[in-house]
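Reading through the structure tokens given below for one structure.
Every chain is numbered from 1, with letters handed out A, B, ... down the list of sequences.
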There are 2 protein chains.
Amino acid sequence: MSAHPHPGPAFAQHNHAHCAHDALTRAEAITKEAGVRLTPVRRRVLEILLEEHKALGAYDVLARLAAEGFGNQPPVAYRALEFLVEHGLAHRIQRLNAFTACTHIGQAHAPAFLICRSCATVAEAEAAPARAALEQSAAALGFAIERTTIEALGLCPACRGAT
Amino acid sequence: MSAHPHPGPAFAQHNHAHCAHDALTRAEAITKEAGVRLTPVRRRVLEILLEEHKALGAYDVLARLAAEGFGNQPPVAYRALEFLVEHGLAHRIQRLNAFTACTHIGQAHAPAFLICRSCATVAEAEAAPARAALEQSAAALGFAIERTTIEALGLCPACRGAT
DNA sequence: CTTGACCTGTTATGATATTACATACATAGA
DNA sequence: TCTATGTATGTAATATCATAACAGGTCAAG
Ligand SMILES: [Zn+2]
Ligand SMILES: [Zn+2]
Ligand SMILES: [Zn+2]
Ligand SMILES: [Zn+2]
């Protein structure tokens with residue numbers, strides 16, 4: 001057990017079925033705790049996001065939902081995604097206008113996102129240090145930070161290795 | 001002379017006419033140096049962005065251009081904006097899907113953006129320290145960062161003071 | 001001049017996101 | 001149990017952001 005939130009498995013080999021199942025279990029717990037409902041659409045959207053460590057656009061999610069008999073209009077997807085983001089079960093990736101399942105559900109964390117430009121895998125890195133540094137710069141200007149977006153584009157370990 | 005790139009004037013009282021005029025002068029120099037043309041549309045778009053320390057959407061810019069007799073189709077605005085960003089004369093703000101004139105034209109800088117949620121003013125802060133911290137986190141995962149986006153939402157000094 | 005590179009303009013379309021309203025469902029109080 | 005209430009879902013319509021593809025204009029080198 002690591003002493004601090006561990007890096008998250010996105011770039012490492014791991015039992016992903018287990019990884020996804022775990023996330024769902026935690027999501028159930030979190031929502032129950034918060035007194036909100038992880039309804040079928042919401043749960044299914046989370047499952048879809050959990051299939052891969054990538055980011056999916058709202059319309060990609062919507063297409064999947066529609067194919068499975070859920071509604072087929074944009075708000076169906078956007079609402080479920082908004083719910084997931086609001087409760088810390090998913091994150092929005094600004095650079096991609098897309099969404100990814102949180103890999104640290106239930107753990108307090110300040111995520112920075114590492115987006116592989118080759119394979120599109122998205123991992124969460126710890127943003128606390130970067131954030132602290134930014135606070136410094138901002139404080140010097142008298143600016144009070146409330147929310148930060150930290151995203152990096154680059155190459156993941158696997159894609160660096162590949163020719 | 002400050003030892004490192006100074007914070008930029010967005011949140012401070014300053015002679016903005018002078019600020020904008022300076023930026024244009026530098027833009028002329030930069031483009032001449034690079035052997036590219038700061039054509040009338042491009043120059044005008046930069047002037048429009050320089051009017052305020054805020055971010056403007058491409059269609060806002062387009063409306064202004066159209067009203068002044070330039071083309072009135074999206075590519076006219078997007079192309080000019082793309083040119084400005086490419087040559088470091090403007091920046092794209094991901095969170096806002098919008099563009100802002102660079103306040104450090106001609107200076108090498110790694111900008112983080114501070115966006116006031118109350119008055120929409122955008123300032124550039126030095127992102128180098130935050131970026132360095134992020135490199136650390138990323139390196140630990142074997143990820144090679146190529147480009148970073150660092151944006152913060154919050155309250156500027158003026159809006160903090162106001163009731 | 002002519003050529004070629006680049007810039008501008010326009011049409012058309014694609015991609016992302018929200019507003020507004022109607023219907024269905026869960027559940028707590030009467 | 002019944003019904004009132006809040007919440008969730010479904011749908012239509014529309015707003016907002018962005019790009020592809022092509023036609024015509026400008027300008028300087030040869
Ligand atoms: Zn996994
Ligand atoms: Zn990769
Ligand atoms: Zn700048
Ligand atoms: Zn403000």
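In the region residues 26-34 of chain B, proximity to DNA chain D at under 4.0 angstrom, judged on heavy atoms, holds for none of the residues. Of the residues in residues 38-48 of chain A, A:Thr39, A:Val41, A:Arg42 come within less than 4.0 Å of DNA chain D through at least one heavy atom, sorted by number. DNA chain D is contacted by B:Pro74, B:Pro75, B:Tyr78 of residues 63-78 of chain B, taking any non-hydrogen atom closer than 4.0 Å.
The side chain to side chain donor-acceptor pair (under 3.5 Å) pairs that include a residue from residues 76-88 of chain A number zero, where partners must be two or more places apart or lie in different chains. Within the structure, salt bridge (charged side-chain N to carboxylate O under 4.0 Å, His left out) pairs that include any residue of residues 100-112 of chain A do not occur (at least two apart or interchain). A salt bridge (charged side-chain N to carboxylate O under 4.0 Å, His left out) check over residues 97-120 of chain A, counting only residues at least two apart or in different chains, returns the pairs A:Arg117-B:Glu146. Applying the side chain to side chain donor-acceptor pair (under 3.5 Å) test to pairs two or more places apart or on separate chains, those with a residue in residues 50-71 of chain B are B:His14-B:His53, B:His16-B:His53, B:Arg44-B:Glu68, B:Glu51-B:Arg64.
Counting to the nearest Å, the C1' atom of D:dT7 and the CD atom of A:Glu82 are 14 Å from each other. Atom CG of B:Leu62 is separated from atom P of C:dT8 by 14 Å (rounded to the nearest Å). Note: CG (B:Asn97) to C1' (D:dT19) measures 14 Å, nearest angstrom. Note: CG (B:Asp60) to C1' (D:dC17) measures 11 Å, nearest angstrom. What separates CG of B:Leu96 from P of D:dT16 is a distance of 15 Å, to the nearest Å. Spacing between atom OH of B:Tyr59 and atom C1' of C:dT16 amounts to 12 Å, rounded to whole angstrom units. Rounded to whole angstrom, the span from the CD atom of A:Gln94 across to the C1' atom of C:dT16 amounts to 13 Å.
Between the side chain of A:Glu151 and the main chain of A:Ile115, no donor-acceptor pair closer than 3.5 Å is present.
For A:Glu135, the salt bridge (charged side-chain N to carboxylate O under 4.0 Å, His left out) criterion is met by no residue, not counting sequence neighbours. Every residue meeting the side chain to side chain contact (heavy atoms under 4.5 Å, CB included) condition with B:Ala80, not counting sequence neighbours, appears here in chain and number order: B:Arg42, B:Val45. Remark: A:Phe99 engages no residue in a ring-ring contact (aromatic ring centres under 6.0 Å, His included) (not counting sequence neighbours).
For A:His91 and A:His109, the distance between ring centers is under 6.0 angstrom.
Taking Ile, Leu, Val, Met, Phe, Trp and Tyr as members and joining any whose side-chain heavy atoms lie under 4.5 Å apart, directly or through other members, B:Leu155 forms no hydrophobic cluster with any other residue.
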Please tabulate, for side-chain N and O atoms in residues 22-31 of chain A, each donor-acceptor pair with protein atoms closer than 3.5 Å (sequence neighbours left out).
residue, atom, partner, partner atom, Å
A:Thr25, OG1, A:His21, O, 2.9
A:Arg26, NH1, A:Ile105, O, 3.4
A:Glu28, OE2, A:Arg43, NH1, 2.0
A:Thr31, OG1, A:Ala27, O, 2.8
A:Thr31, OG1, A:Glu28, O, 3.0

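For B:Arg37, the listed nucleotide lying nearest its side chain is C:dC7; candidates were C:dC7, D:dC17, D:dA8.
Among the atoms of the strands shown, base atoms are found under 4.0 Å from some heavy atom of A:Arg79.
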